[in-house]
Amino acid sequence: MYKHGISITETYSPQGIESKLYNFWEEKSFFKPDPDPQKPPYCIVIPPPNVTGSLHMGHALNATLQDILIRWKRMLGYSALWIPGTDHAGIATQNVVERQIMAEGHNRYQLGRSNFLQRVWQWKESCGGKIIEQLKRIGASCDWSRLRFTMDEGLSRAVKEVFLKLFEEGLIYRDLKLINWCPRCHTALSDLEVEHEETEGKLYYIKYPLKEDSTQFITVATTRPETMLGDTAVAVNPEDKRYKNMIGKILILPLINREIPVIADSAVDMEFGTGAVKVTPSHDFNDAEIAQRHNLPNVCVIDEEGKMTDEAGKYRGMDRYEARKRIIADLEELGLLEKTEKHKHAVGHCYRCKTVIEPFQTVQWYVKIKPLAEEAVKVVQEGRIRFIPEGWVNNYYAWMRDIKDWCISRQLWWGHRIPVWYCAKCKTEKGIEQGDLIEILFYKPITLNGKEIWGGTYNELRKIGITKEEIEQRAKIIKIPKEIFHFASYYEPTSCPKCGNEEIIQDPDVLDTWFSSALWPFSTLGWPEETEDLKRFYPTNVLVTGFDIIFFWVARMIMMGMKFMKEVPFRDVYIHALVRDAKGQKMSKSKGNVIDPLVMIEKYGADAFRFTLAAFAAQGRDIKFSEDRVEGYRHFANKIWNAMKFMMNFYNLRTKGEVTLEELNLFTNKWILSKLSDTIEETNKALESYRFNDAAGAIYQFLWHEFCDWYIELSKVILYSESEDKEETVNCLFYVFENTIKLLHPFMPYITEEIWLNILKKEHSLMISSYPTKDLISRDEEALEKMEYIMQAISGVRSIRGELNISPSLNLEVFIKPLSINAEKVLSEGYTFILKLAKAKTLKISKDIVRQKGSAVSVKRDFEIYIPVKEMIDIQQEKKRLLKELQRAETEIKFLNKKLMNEDFIKNAPKEVVERDKEKYEELLIKSDKIKENLKVLEELKD
RNA sequence: GGGCGGAUAGCUCAGAUGGGAGAGCGCAGCCCUUACAAGGCUGAGGUCACAGGUUCGAAACCUGUUCCGCCCA
């Protein structure tokens, strides 16, 4: 129990305090932006985590930095809004629910599309968004009343709106191309969703016999022999002398005995393999390009499941890897396998399930990206969007330069359904009824008149009496050729706008999740409605995110923002680091090196954890996270707590809330105010330039090493006496502490609020109080200089004590001889402080002091300290100490001397630098003389 | 193959626009001094990866080398 009637726990314990305060803030609606129109807006949209996700270190860092910014700006008087939300994560979420269903012994097809979607929503309501609760644990001050989800009604509207607009403008189109296909997820992927991984594979050399003379061969090298069944040519470089006479000749494709030509294409690398490459247009991107140039046919030998097709002859139905083995064995038997070599190459994997990607030819939806990209590059070049750190713009430009059209359709059920319909009754240019071209495959047959129906064309199925609904419910695959007439519609249409027929079916695909994420900065603010929020908060101020989604997300948001808002989505893009483990390895479940942020919070408190992340968040470098650091910053929290405990002993003596430099008498008080002023400026400056570590460091340094180590200790001298400065010291102590707590609040919101509200009993919450800015206090140069003397005197005594191993319990007689009038005046003014903090028994300050024999000495700029230690210590040890100091001084003298003798230096260096060095040089000369003198005295002592 | 980033104390890292290096942890010594041992005080520890160059002056700027990491093809 303390004097003012509050009991304070011995050490700071975050458990219990945090949730209480968080609930308090939320109940008071402090997370909502201030509606006052006078206040300037400040807005951040959270990078929406996956709804399936749980909080990992990356999220924690990301959220901490955003929260620091938001709390800082809110306290600076902005109407601050941080919009939270999650994205629907098409593949990931669908996978989660499919696994659940599989555990029940079913698959999604058995449920049917609409039932399956119901299950996904159910799952989302009960388990999804766990991460939102976790964000609250780290103290995120998001406006939860504005929580959004990419599949919610408003955002779905935005998605449709955007799709239709782009479709109408011809920026969205449907095309038959080779795409990246995941045989496990059964969907197309965009280029970005493929991860290339260096893999140790093999290079197979296969002999293709010549038609005209089967004893002659061309040997091709390939890493994927199973695709040879789909070869439609062999290509060589036209410059390649080895093959000059082969060009135009016909080869017999082994195993399948198809005739294929030898063609010349300059894209062929003569150095690779034998210089002759097989061309498989259906299963390789490079080959597809060659095929286009030479008008080669496509032969598709691998299907959407990764199994061999009918075209694969006797390998039909085999898995692609099984087929590879068999083909190699068969070739070997035929004597057509020349050799195999080890070979390293990059293999594409699905970023969600890590399955090896199969290039696959299908009809997909694309966004024509060039026109959008041009605008997005321009706004960055013009500086309307800044990247911080700057270096990332190069990556951004590079990617934008070689950008390819964006494949946006996914063969999933969970996501925004593409708002396009196809008419079965309209006729193609060739006069064929479209329904005859739409092929349906059921997951489970329909039995009709004792016959199992597995599918067929749309028209066939309708003719035998299967309803439209049945077809859509039961379809596993709906193949709709490219040329079929289609129309987009915002509302669900009932008939074809061209022929009026009701036989229309919707495109079965959904949109890439990133399509909806790209709209996030304006869709979350209410677009396409012209809401108040949109008017007030768009463009947002900053996007805080990791570099890994610059392309996936940041670039696309800029494109969409420019396209639909005619304005950038954010001013700044702050790219933060990746959080790695202590050894610098990426954290991953399989490596087992994952650190759970919630465990850290549980163990050390959210404040210590947040502070660690901020202190680590130096620009341009990854974070190697170590638990030791968190522990260190928990100590910091505890330090604050204890300082507060000390102060609360004097709480009742406080007479005013604010103090100014002018009204203060005592230089220590003026000093700490000046130091606070510096810290305030440094912190704000650092935050303005997103230097979170500098801001955290400035506060830490001030609070611990200036406020606690020096100021509190100095204050005790006054507070435990009957000094007339006691009142102003108490007032100053609290004033400085309160402002420091304010500075710290964005970093450590809980402990600061707890002290503010529940210990200091402030009327209003700290999180809505005002952030200190540099005009709050100025600095007093004189006080700073005075403290310099006092600190030197105290440290001088302590050094002697420490280095000579004199027990702190031994009170010493200290003599200080000032060598200037100023030194005498200042040191005398600080007499009591020196006496107490140096733990002196007696202290004499006088220019008339004569050094006693057997004194330890410390030489300062313009005073000397003598401590008689004859009885206490070993003379040799003191001599050693002085020699060390002398040596240090002399090396520096030598260095400075050389510098000052250099005419070029005097001539070229700035005046201040030369002046400073001269001064330093002279001081050191005096110092070394003094030390030498004192060494002589020690010699005398020996006698 | 193209591009980017890193190498500073035993460990993890800071070191805007060049003026001879800092922190935290760890380590050593002395201390339970009435806010705090989750603490105090005092120390030890660094040819700033290597080699050249620019400059009066380089950890910083330029060139090359080695090692490590990332992105793209």
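Every chain is numbered from 1, with letters handed out A, B, ... down the list of sequences.
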* Expressed as a whole number of Å, how far does the P atom of B:A14 sit from that of B:A9? -> 12 Å

One should read off an interatomic distance between A:F547 CZ and A:N395 CG, to the nearest 0.5 angstrom, of 9.5 Å

message = If I pick the C1' atom on B:G22 and the same atom on B:C4, what distance separates them, to the nearest angstrom?
response = 28 Å

* To do: Assign A:I800 to base, sugar-phosphate, or nothing according to its heavy-atom contacts below 4.0 angstrom with the strands shown.
  => nothing

Checklist entry - Checking A:N649 side chain against A:F646 main chain: does a donor-acceptor pair fall under 3.5 Å? => result yes

note: A:Y700, atom OH; B:G22, atom P; distance rounded to Å ~ 18 Å

- Query: Got a donor-acceptor contact below 3.5 angstrom from the A:Q15 side chain to the A:E602 backbone?
  - Reply: yes

Donor-acceptor pairs under 3.5 angstrom involving side-chain atoms of residues 707-716 of chain A: please list them, not counting sequence neighbours.
residue: A:D709; atom: OD2; partner: A:H705; partner atom: ND1; Å: 2.9
residue: A:Y711; atom: OH; partner: A:N669; partner atom: OD1; Å: 2.5
residue: A:E713; atom: OE1; partner: A:K716; partner atom: NZ; Å: 3.4
residue: A:E713; atom: OE2; partner: A:K716; partner atom: NZ; Å: 3.1
residue: A:S715; atom: OG; partner: A:Y711; partner atom: O; Å: 2.7

Basic-acidic side-chain contact under 4.0 Å: A:R654, A:E738:
yes

If I pick the C1' atom on B:C36 and the same atom on B:G15, what distance separates them, to the nearest angstrom?
31 Å

*asked:* If I pick the P atom on B:C13 and the same atom on B:C70, what distance separates them, to the nearest angstrom?
replied: 15 Å

Check A:K860 with A:E788, please: is the shortest side-chain N to carboxylate O separation under 4.0 Å?
no

Rounded to whole Å, the NZ-P distance (A:K404 to B:C72) equals 12 Å

Between A:Y633 and A:D917, whichever has its closest RNA chain B nucleotide further toward 5' is A:D917

| said: Roughly how many Å apart are B:A60 and B:G19, using the C1' atom of each and rounding to a whole number? | reply: 12 Å

Quick note, A:C708 side chain, CB onward, closest among B:C25, B:A14, B:A35 is B:A35

Rounded to whole angstrom, note down the C1' distance from B:A51 over to B:C67.
-> 15 Å

To the nearest angstrom, the CG-P distance between A:N649 and B:A35 comes to 7 Å

A:E341 meets the salt bridge (Lys or Arg N to Asp or Glu O under 4.0 Å) criterion, sequence neighbours left out, with A:K339

(message) Regarding A:E903, tell me which of base, sugar-phosphate or nothing describes its non-hydrogen contacts under 4.0 Å with the strands shown.
(response) nothing

- Query: Does the side chain of A:N897 pick up a donor-acceptor pair with the side chain of A:K894 at under 3.5 Å?
  - Reply: no

Partner of A:R629 under side chain to side chain contact (heavy atoms under 4.5 Å, CB included), picked from A:F611, A:F609, A:F616, A:Y604, is A:F616

* Asked: Looking only at atom P, what distance separates B:A28 and B:A21, rounded to whole Å?
  -> 27 Å

Residues passing the ring-ring contact (aromatic ring centres under 6.0 Å, His included) test with A:Y12, sequence neighbours excluded, are A:W641

Reading nucleotides 38-48 of chain B from 5' to 3' and marking B where a protein heavy atom lies under 4.0 Å of the base, S where only the sugar-phosphate is that close, and - otherwise, the string is BSSSSSS----

Taken to the nearest whole Å, CG/A:L812 to P/B:U33 is 17 Å

In whole angstroms, the gap separating P of B:U34 from NZ of A:K645 amounts to 13 Å

Every protein N/O within reach of nucleotides 67-71 of chain B N/O, cut-off under 3.5 Å:
none

key: Side-chain N or O of A:K716 closer than 4.0 Å to phosphate OP1/OP2 of B:A35   = yes

With the criterion being N/O to N/O and under 3.5 Å, what pairs connect the protein with nucleotides 56-60 of chain B, and how long is each?
residue: B:C56; atom: O2'; partner: A:N902; partner atom: ND2; Å: 2.7

Could you give me the CA-CA distance, side-chain angles and deciding distance for A:L733 and A:L719, then say whether side chain to side chain contact (heavy atoms under 4.5 Å, CB included) is met?
CA-CA 10 Å; A:L733 191 67; A:L719 296 173; 4.1 Å; yes

Sequence neighbours excluded, the answer for side chain to side chain donor-acceptor pair (under 3.5 Å) partners of A:R293 is A:D265

Side chain to side chain donor-acceptor pair (under 3.5 Å) filter on A:K354, not counting sequence neighbours, yields A:E195

From CG of A:N693 across to C1' of B:A16 the rounded distance in Å is 12 Å

Atom CD of A:E195 and atom P of B:A73 are separated, to the nearest Å, by 12 Å

Dot-bracket for RNA chain B, 5' to 3', Watson-Crick and G-U pairs with both distances under 3.5 Å, [ ] for crossing pairs, | for partner on another strand, reads (((((((..((((.....[..)))).(((((.......))))).....(((((..]....)))))))))))).

OP1 or OP2 of B:A35 sitting under 4.0 Å from any side-chain N/O of A:Y720? yes

Hits for side chain to side chain donor-acceptor pair (under 3.5 Å) against A:E682, two or more places apart or cross-chain, chain-then-number order -> none

Across all chains, not counting sequence neighbours, the side chain to side chain donor-acceptor pair (under 3.5 Å) partners of A:K918 are none

Quick note, salt bridge (Lys or Arg N to Asp or Glu O under 4.0 Å) partners involving residues 389-401 of chain A, not counting sequence neighbours, are none

Between CZ of A:R629 and C1' of B:U12 the distance, given in whole Å, is 7 Å

### Rounded C1' spacing from B:C61 to B:U55 in Å
10 Å

Assert: residue with more 5' nearest nucleotide on RNA chain B, out of A:M644 and A:K920, is A:K920

